[in-house]
Undergrad: 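There's a structure below that I have some questions on.
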Protein chains: 2
Amino acid sequence: MSTEYTNPLFTVDSVLFTVKNGQLMVLLVKRAQAPFTGDWALPGGFIDVLQDINTDATASRKLEAKTGLKPAYLEQLQVISGPDRDPRGFSVTLAYFALVAWQDVSPQISSVESASWIAVNDLEKTNLAFDHLQIIQMAKQRLQQKTLYSMTPVFCLPGQFTIAQLKSVIEAIIEKPIQRKSLMRRIEASGIFEISEEKIPSGGRMAQLYTLKPGADLVNFERNLSL
Amino acid sequence: MSTEYTNPLFTVDSVLFTVKNGQLMVLLVKRAQAPFTGDWALPGGFIDVLQDINTDATASRKLEAKTGLKPAYLEQLQVISGPDRDPRGFSVTLAYFALVAWQDVSPQISSVESASWIAVNDLEKTNLAFDHLQIIQMAKQRLQQKTLYSMTPVFCLPGQFTIAQLKSVIEAIIEKPIQRKSLMRRIEASGIFEISEEKIPSGGRMAQLYTLKPGADLVNFERNLSL
DNA sequence: TTGACATAGTGTCACAGAGACACTAATATG
DNA sequence: CATATTAGTGTCTCTGTGACACTATGTCAA
């Protein structure tokens, strides 16, 4: 009944997405050590039980180290485990999926050489460590699914945003066009958004800025957007 | 960068539900060792890297040990972690949620003294170890949510079942009545059920038996049942 | 100043699937 | 054969998405 000899390697990795120029991007870091030296991998690492109160804190801390800020959205994705996914032996990884506005991280990220945003649809050309490609695909699927029945994608936008921006982010995620009207109905129905005082120019009529109501929880709609 | 000193205790626990006499029940075991000796707890334990190919196998194996069979449905729920949830120190628990037909396990379970089905709505009266009460509530919420947009509850039924049985299981889970008609529409629309050759008596007209198509995946509907 | 254009936002109809509920079908029992 | 009981259908309402035309308000160039 002792646990010493069987305790497997436990790590926390995060799939941090953002949307930039209509493309879904994921943050990857270049591995410095073996195994998979020089390949791209998900940012992550080991729990530090002295400073992390739980695994969410671990994920958040590791992401802050790379981006300079805590992710706007963070949610557990899945635990992946097995004897063969890490050559060093049986390993258990808790994968998170997270969102940020690229406008918020853009300044920091460019200064770090070892971290980089890569378009999710370009990953075939990239050498990815471990089973991180599959994890990213899982995270993408989950994000797409959530986008159909919630406003999760707002976390890819800065504090103030227009409907057009939100629409564009949603379309980048699900890779399908949606109706402006449907989005506005949902914004209205969710009750979690506030109309800002400001408007911003857009090339035509001024666009209304919205903000998330402080402390408002995301709502799940009863119907999906159609695929 | 060594991992030895910080590697926390990692366990796998499962919330195994079934529905019996219109009540959602959860399988609990009586703890024999400290901490929480004599309290009820979720069935679970440590990974055995020699025989478990992953954590799913761990959960499945532990449940089979208690019930005599593998659960019909098994899905990861969440990882719960923290320094205070186990008095022995920082712990990480991967919680699963699982379903079985009570008809399938009923014979075995009664023979084991240390395991017992307890109605989820009676848990206030029960002494539960660790944070297992919260985990069960999380699992219940997830099951309720899934019931609104999928046929997940079929896994609380034996291989052949009637619409009335499925209706009754769904109603026990979401604690609301639903329309027979809506359920039939979904059975039809999902395309994952087969009409069996048999019918069974029911007190009135004979009831059609249905089976899950072999190898069919669960479908997610685009709308929720209303709460 | 004005007209063309571009983007923001609205009005409204069609469509699909859930809710409600009455109706028909089939089986048991007195 | 009448009645009770459960299975299954017909069909209307209701709600929210899709589609798309229409109005509103800004810029820019002639």
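All chains are named by letter (A, B, ...) in the order of the sequence lines, taking the proteins before the strands, and each is independently numbered beginning at 1. It should be emphasised that the depicted structure is a prediction, and the values quoted were computed from it without experimental measurement.
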Undergrad: Report the distance from atom CD of B/Gln179 to atom P of C/dA22, rounded to the nearest whole Å.
TA: 11 Å
Undergrad: Which part of the nucleic acid, if any, lies within contact of A/Ile178, taking any heavy atom under 4.0 Å across all strands shown: a base, the sugar-phosphate backbone alone, or nothing?
TA: nothing
Undergrad: Please work out if A/Ala189 contacts a base, only the sugar-phosphate, or nothing of the nucleic acid, heavy-atom cut-off 4.0 Å.
TA: nothing
Undergrad: Are any of the side-chain nitrogens in B/Asp39 or B/Arg31 under 4.0 Å away from the carboxylate oxygens of its partner?
TA: no
Undergrad: Measure distances between side-chain N and O atoms of B/Arg186 and base N and O atoms of C/dG17, and say whether any donor-acceptor pair falls under 3.5 Å.
TA: no
Undergrad: Do A/Lys181 and C/dG11 share a donor-acceptor pair, side chain to base, under 3.5 Å?
TA: yes
Undergrad: Can you tell me if CD1 on A/Ile53 sees more than 12 non-hydrogen neighbours from other groups inside 6.0 Å?
TA: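 Open.
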Undergrad: Could you state the atom-to-atom distance from CG of A/Leu209 to C1' of C/dG9 in whole Å?
TA: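 Spelled out: CG on A/Leu209 to C1' on C/dG9 is 15 Å.
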Undergrad: Does the D/dG18 base have a donor-acceptor partner in the side chain of A/Arg185 within less than 3.5 Å?
TA: yes
Undergrad: C/dG9, D/dA7, C/dA20: which one has an atom nearest the side-chain heavy atoms of A/Gln208?
TA: C/dG9
Undergrad: Mind calculating the distance between CD (B/Glu188) and C1' (D/dG10) to the nearest angstrom?
TA: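 Rounding to the nearest Å, CD of B/Glu188 and C1' of D/dG10 are 15 Å apart.
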Undergrad: Over how many whole Å does the gap from B/Met184 atom CE to C/dC21 atom C1' extend?
TA: 16 Å
Undergrad: Could you state the atom-to-atom distance from NZ of A/Lys167 to C1' of D/dG18 in whole Å?
TA: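 So the NZ-C1' distance, A/Lys167 to D/dG18, works out to 13 Å.
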Undergrad: Has the side chain of B/Arg223 got a donor or acceptor atom sitting under 3.5 Å from an opposite partner on the base of C/dG17?
TA: yes
Undergrad: With no angle test and no hydrogens, is the base of D/dA7 tied to the side chain of B/Arg205 by a donor-acceptor pair under 3.5 Å?
TA: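 When only heavy-atom distances are counted, B/Arg205 does reach the base of D/dA7 through a donor-acceptor pair under 3.5 Å.
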Undergrad: Just distance, no hydrogens or angles: give the donor-acceptor pairs under 3.5 Å from side chains in residues 163-181 of chain B, sequence neighbours left out.
TA:
unit_1: B/Gln165; atom_1: OE1; unit_2: B/Thr162; atom_2: N; d: 2.9
unit_1: B/Lys167; atom_1: NZ; unit_2: B/Glu171; atom_2: OE2; d: 3.1
unit_1: B/Glu171; atom_1: OE2; unit_2: B/Ile178; atom_2: N; d: 2.9
unit_1: B/Glu175; atom_1: OE2; unit_2: B/Asn121; atom_2: ND2; d: 2.9

Undergrad: 5'-most contact on DNA chain C: B/Gly203 or B/Asn224, nearest heavy atom basis?
TA: B/Asn224
Undergrad: Tell me the interatomic distance from A/Ile163, atom CD1, to D/dA24, atom P, rounded to whole angstroms.
TA: 18 Å
Undergrad: Give a yes/no on whether any side-chain N or O of B/Ser226 is located under 4.0 angstrom from OP1 or OP2 of C/dA18.
TA: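 No, no such contact exists.
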Undergrad: Under 6.0 Å from the ring centre and within 45 degrees of the ring axis: does the NZ or CZ of A/Arg186 meet both conditions for the six-membered ring of A/Phe221?
TA: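 Here A/Arg186 passes the 6.0 Å and 45° test against A/Phe221.
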Undergrad: Take the protein atom NZ of B/Lys199 and the nucleotide atom P of D/dA7, then report the distance between them rounded to whole Å.
TA: 12 Å
Undergrad: In terms of side-chain heavy atoms of B/Ser202, which of C/dA8, D/dG18, D/dA7 is nearest?
TA: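 Selected nucleotide: D/dA7.
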Undergrad: In whole angstrom, give the distance that lies between atom CG of A/Asn220 and atom C1' of D/dG16.
TA: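 My rounded result for the distance is 16 Å.
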Undergrad: Side chains of residues 204-216 of chain A: which donor-acceptor pairs under 3.5 Å do they make with residues two or more places apart or in other chains?
TA:
unit_1: A/Gln208; atom_1: NE2; unit_2: A/Ser196; atom_2: O; d: 2.8
unit_1: A/Gln208; atom_1: NE2; unit_2: A/Glu198; atom_2: O; d: 3.4
unit_1: A/Lys213; atom_1: NZ; unit_2: A/Gly191; atom_2: O; d: 3.1

